[in-house]
Amino acid sequence: MDLLRFITAGSVDDGKSTLIGRLLFDTKNILADQMEAIERASKTRNAGEIDLALLTDGLRSEREQGITIDVAYKYFQTPNRKFISIDAPGHIQYTRNMVTGASNADLAIILVDARHGVVEQTRRHSLIASLLGIPHVVVAINKMDLIDYSEDKFLSIAQAYTDLATKLNIKNLTIIPVSALNGDNIVDRSTAMSWYTGETMLSVLENVDARETTNLTDGRFSVQYVIRPQTDELHDYRGYAGRIQSGAFRKGETVAVLPSERYSKIARIELGGQEVEEAYAPQSVTILLEDNIDISRGDMLVPTENLPTLSQDLEALVCWMDDRKELKVGSKYTLQHGTSRTRCSIRSIEYRVDINTYEQLEEVESLKLNDIARIVLRTAQPIAYDSYQTNRTNGGAILIDETSNVTVGACMIE
Amino acid sequence: MSQSLDYLDQLEAEAIYIMREVAGQFERPALLFSGGKDSITLVRLAQKAFAPGKIPFPLVHVDTGHNFPEAIKYRDEMAQQLGAKLVVRYVEDTIKAKGLKEPTGKNASRNWLQTYTLLDTIEEFEFDACIGGARRDEEKARAKERIFSFRDEFGQWDPKRQRPELWNLFNGRIHKGENVRVFPISNWTELDVWAYIQREGIALPSIYFAHERECILRDGHLLANTEVIQKDEYDQIVTRQVRFRTVGDMTCTAAVESSAATLEEVIAEITISRISERGETRIDDQQTEAAMEDRKKGGYF
């Protein structure tokens, strides 16, 4: 059985949490005591209707305000697949939390209120899904019950969304009319919308390819830790512990060590202490080389015939996440890419993206919380990267503030 | 050439990656070990992460003095077998040293007091990272927590100021005195842990399997009959065939009636159970809607 990670995004009151609640409820993944707790809480807050949204709002202030502030993870399964649902806040001030949730998602569900159609938030959430390279987008036109399950209205919203999507990089798009409240087209096919012949939400979730976010061709391995037992029987053992970020590696293969650009052959690959002939992403393994060369945390092993870009100059789309300080041209940060960390400085801001109109705004001096922009960086040490759109794990990096130590920026290297 | 990884292999690869990030990013990490199934799973993951070397950090146990003796025995045997350094600090000592007032009365538990001992232990050894076995599926405040969960110099969790955690990039940079709680099995469910224990053939403390025990029947819960629990006239003493689904303090961990004597039978029972792990067995979480959130803000793991 495999695993699919999906994010749900939508604006306040679009019914995101209700949708997750509905998915869990209709796939029988809500347990009796959790249901009782929801019933108890529903009684004190609402008119007595069972509020499935109460299942995902975990923090006291979220329950008090009835909104989602931070990403919540929920786990459920059907006979066909395991799921990790990532419930992301929809409000504009929590865009960075949505980016956090989207960074590991294989699929995005974007909710649209059928009464309002495509709105500002829809455009913003779709842009984020596209920038973060989520390969599958499912648009759920929700609250169909409130527009009399009208096919005409659904078609016109679907058309408006399709027009918007052409401006973005969305590989696979599915649009479904649903009512999360009543369960129409979530797990069970809607009887009120017999005109809809496409898939239900669960059917899409169960059938999409869950491996599209993993690059299977370019071998990349970042060294996390060097294992040197230094015991009598393992005196010369020197194993490089790390996770295969993308592609695969075989025993006997010649590899380049970056950034030092030295070469060696793979002598042995170990998985959980056992020798294997080959290993592939996203396995965590230990690699031993034939030659004794200086390798430490932050170095990368790659096949000699398929090299990443090795450079100190890079361009990236950045989502700025600091609410206390702005990003300014000339500022210095620590860039964490894979297992390496190096200082970097911001050379220039090429443009800022208007997250609602997708326009590129030039002559930008600084970036505020939740701004998305294209920047040029210079790093102190060369880094070995791929473009984010072809290799998510080797094209993503974070910026760390050197005084507060907080993660302040998410970079998608071009 | 690549195959699709089974979900359990994916979860294992992720957890091992996180363990190695801890070893790579921190100077003085520790693994919080209680003798429960989640921390036993962590130990196996750490063994695999650093094989053929030893686990490069000590195991730390905050002993409330109310633990099941079976779990303590298991803890000591495991540490010896691994050749790992085991640090045990006692809540009893903290109570005496600090003159803390112990909660009294029915359902009194040292759960909250553990936090003081944990924070003191972190200070004593200058631990900069503590690996714990918490899972997001356990409880709704935990569902919101990052894998690298930053704690300030007072050990506090601030749910509104969590660091963004993107892709598989974990930011463990801290100032002296602060620390990070790390949860490698955040994305595992209870059933995933059991399935992994079965697949790996890991031995568990005997209390996880059905056995005959004298219990206190209180508000529908079965508690182990021990002198650390204050009893009153409403409590009934009964002998039942039980097993424990979680292993916390005897004062706040309830047993379930069961005849499941093997791992297969336990998994079969949990699979069809319609009650969550904490709902069934953790009395401490049922006190208020935000019990766990409040404990975490105070420094609890």
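Side-chain atoms are counted along with the backbone in the values below, which use heavy atoms only and exclude waters and symmetry mates. First the proteins, then the strands, lettered A, B, ... as listed; each starts at 1.
- Of the charged side-chain nitrogens involved, at least one lies within less than 4.0 Å of a carboxylate oxygen, so that B/E14 and A/R5 count as a salt-bridged pair.
- A/N104 places a side-chain N or O within 3.5 Å of a backbone atom of B/W167 that can act as its donor or acceptor partner.
- When all heavy atoms are compared, the tightest approach of B/N171 to A/I398 is CB-CD1, 4.1 Å.
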(message) One pair to check against side-chain contact (heavy atoms from CB on, under 4.5 Å): A/T286 and B/F50. What are the steps and the verdict?
(response) CA-CA 9 Å; A/T286 303; B/F50 303 105; over 6 Å; no
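- Side-chain atoms of A/Q336 come within 3.5 Å of backbone atoms of B/F170 as a donor-acceptor pair (strictly under, hydrogens ignored).
- The backbone N or O of A/P282 sits nowhere less than 3.5 Å from a side-chain atom of B/Q10 that would complete a donor-acceptor pair.
- Ranked by heavy-atom pairs shorter than 4.5 Å toward chain B, the options A/R81, A/Q77, A/R341 are led by A/R341.
- Side-chain contact check for B/K144 versus A/D87: every heavy-atom pair is 4.5 Å or farther apart.
- Pairing each heavy atom of A/D401 with each of B/R173, the nearest pair is O-NH2, 4.2 Å.
- Put simply, OG1 on A/T231 and NZ on B/K54 are 8.5 Å apart, with the number rounded to the nearest 0.5 Å.
- Of the residues considered (A/I400, A/L234, A/I84), A/I400 shows the highest number of contacts with chain B, using heavy-atom pairs under 4.5 Å.
- Side-chain contact between A/Q274 and B/K48: absent, with no pair of heavy atoms (C-beta onward) separated by less than 4.5 Å.
- Using a 4.5 Å cut-off between heavy atoms, A/R228 does not touch chain B at all.
- When side chains are defined from C-beta on, B/Q25 does not count as touching A/T339, because their heavy atoms never get closer than 4.5 Å.
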(request) Carefully, step by step, assess B/N168 and A/R392 under the rule side-chain contact (heavy atoms from CB on, under 4.5 Å). (result) CA-CA 10 Å; B/N168 53 358; A/R392 209 180 194 181; over 6 Å; no
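- Interface residue A/Y73: backbone and side-chain heavy atoms are both found under 4.5 Å from chain B.
- The two residues B/A51 and A/I227 have their closest heavy-atom pair at O-CD1, 3.7 Å.
- For B/A15, no part lies near chain A; criterion is any non-hydrogen pair under 4.5 Å.
- Atom CZ of A/R343 is surrounded by 12 or fewer heavy atoms from other residues, nucleotides or ligands within 6.0 Å.
- When heavy atoms are compared at a cutoff of 4.5 Å, A/V223 does not approach chain B at all.
- Heavy-atom pairs under 4.5 Å with chain A were tallied for B/L191, B/L11, B/L169, B/I174; the largest tally goes to B/L169.
- The most heavy-atom pairs under 4.5 Å with chain A, out of B/R146, B/Q47, B/E21, come from B/E21.
- A donor-acceptor pair under 3.5 Å is formed between the side chain of B/H175 and the backbone N or O of A/T403.
- Every residue meeting the ring pair (Phe, Tyr, Trp, His ring centres under 6.0 Å) condition with B/Y196, not counting sequence neighbours, appears here in chain and number order: B/W188.
- For the pair B/R20 and A/Y225, the cation-pi test (distance below 6.0 Å, angle within 45°) is failed.
- Annotation for B/E257: atom CD counts as buried by contact number, over 12 foreign heavy atoms lying within 6.0 Å.
- Pairing each heavy atom of A/T407 with each of B/P164, the nearest pair is O-CD, 3.6 Å.
- Listed by chain and residue number, nothing satisfies the ring pair (Phe, Tyr, Trp, His ring centres under 6.0 Å) test with A/Y240 (two or more places apart in sequence, or in another chain).
- Of the possible polar contacts, one joining the A/S284 side chain to the B/A13 backbone as a donor-acceptor pair under 3.5 Å is found.
- Distance check: B/I16 CD1 to A/R243 CZ gives 9.5 Å after rounding to the nearest 0.5 Å.
- A donor-acceptor pair under 3.5 Å links the side-chain atoms of B/D6 to the main chain of A/M1, judged by distance alone.
- Proximity to chain B (any heavy atom under 4.5 Å) is shown, for A/E233, by neither the backbone nor the side chain.
- Options A/L132, A/T393, A/V285 differ in how many heavy-atom pairs under 4.5 Å they form with chain B, and the most are formed by A/V285.
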(request) Please report the C-alpha distance between A/Y75 and B/N187 in whole Å, then the side-chain angles of each, then the deciding distance to 0.1 Å, and finally whether the side chain to side chain donor-acceptor pair (under 3.5 Å) criterion is met. (result) CA-CA 8 Å; A/Y75 302 81; B/N187 286 325; 2.5 Å; yes
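- Residue A/L3 comes nearest to B/Y7 through the heavy atom pair CB-CB, 4.2 Å, listed as atom of the first residue, atom of the second, then distance.
- Put simply, of B/G172, B/A23, B/P52, the one with the most heavy-atom pairs under 4.5 Å next to chain A is B/P52.
- Contact of A/C411 with chain B is made through the backbone alone, with heavy-atom distances under 4.5 Å.
- The greatest number of non-hydrogen atom pairs below 4.5 Å with chain B, out of A/M321, A/H337, A/E270, is found for A/M321.
- No more than 12 heavy atoms of other residues, nucleotides or ligands lie within 6.0 Å of CD in B/Q80, so this atom counts as exposed by the packing criterion.
- Interface summary for chain B: among A/G242, A/G239, A/G273, the most heavy-atom pairs under 4.5 angstrom belong to A/G242.
- For the options A/A102, A/G101, A/A241, A/A210, heavy-atom pairs under 4.5 Å to chain B are most numerous at A/A241.
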(message) Quick one, A/K82 with B/D192, criterion side-chain contact (heavy atoms from CB on, under 4.5 Å). Give me CA distance, side-chain angles, the key distance, then yes/no.
(response) CA-CA 11 Å; A/K82 304 241 339 168; B/D192 297 337; 2.5 Å; yes
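- Between A/K74 and B/D137 there is no salt bridge, since no side-chain nitrogen of the basic residue lies less than 4.0 Å from a carboxylate oxygen of the acidic one.
- For A/I244, no part lies under 4.5 angstrom from a heavy atom of chain B.
- Scanning both residues, B/R163 and A/V406, for their nearest heavy atoms gives NE-CA, 4.1 Å.
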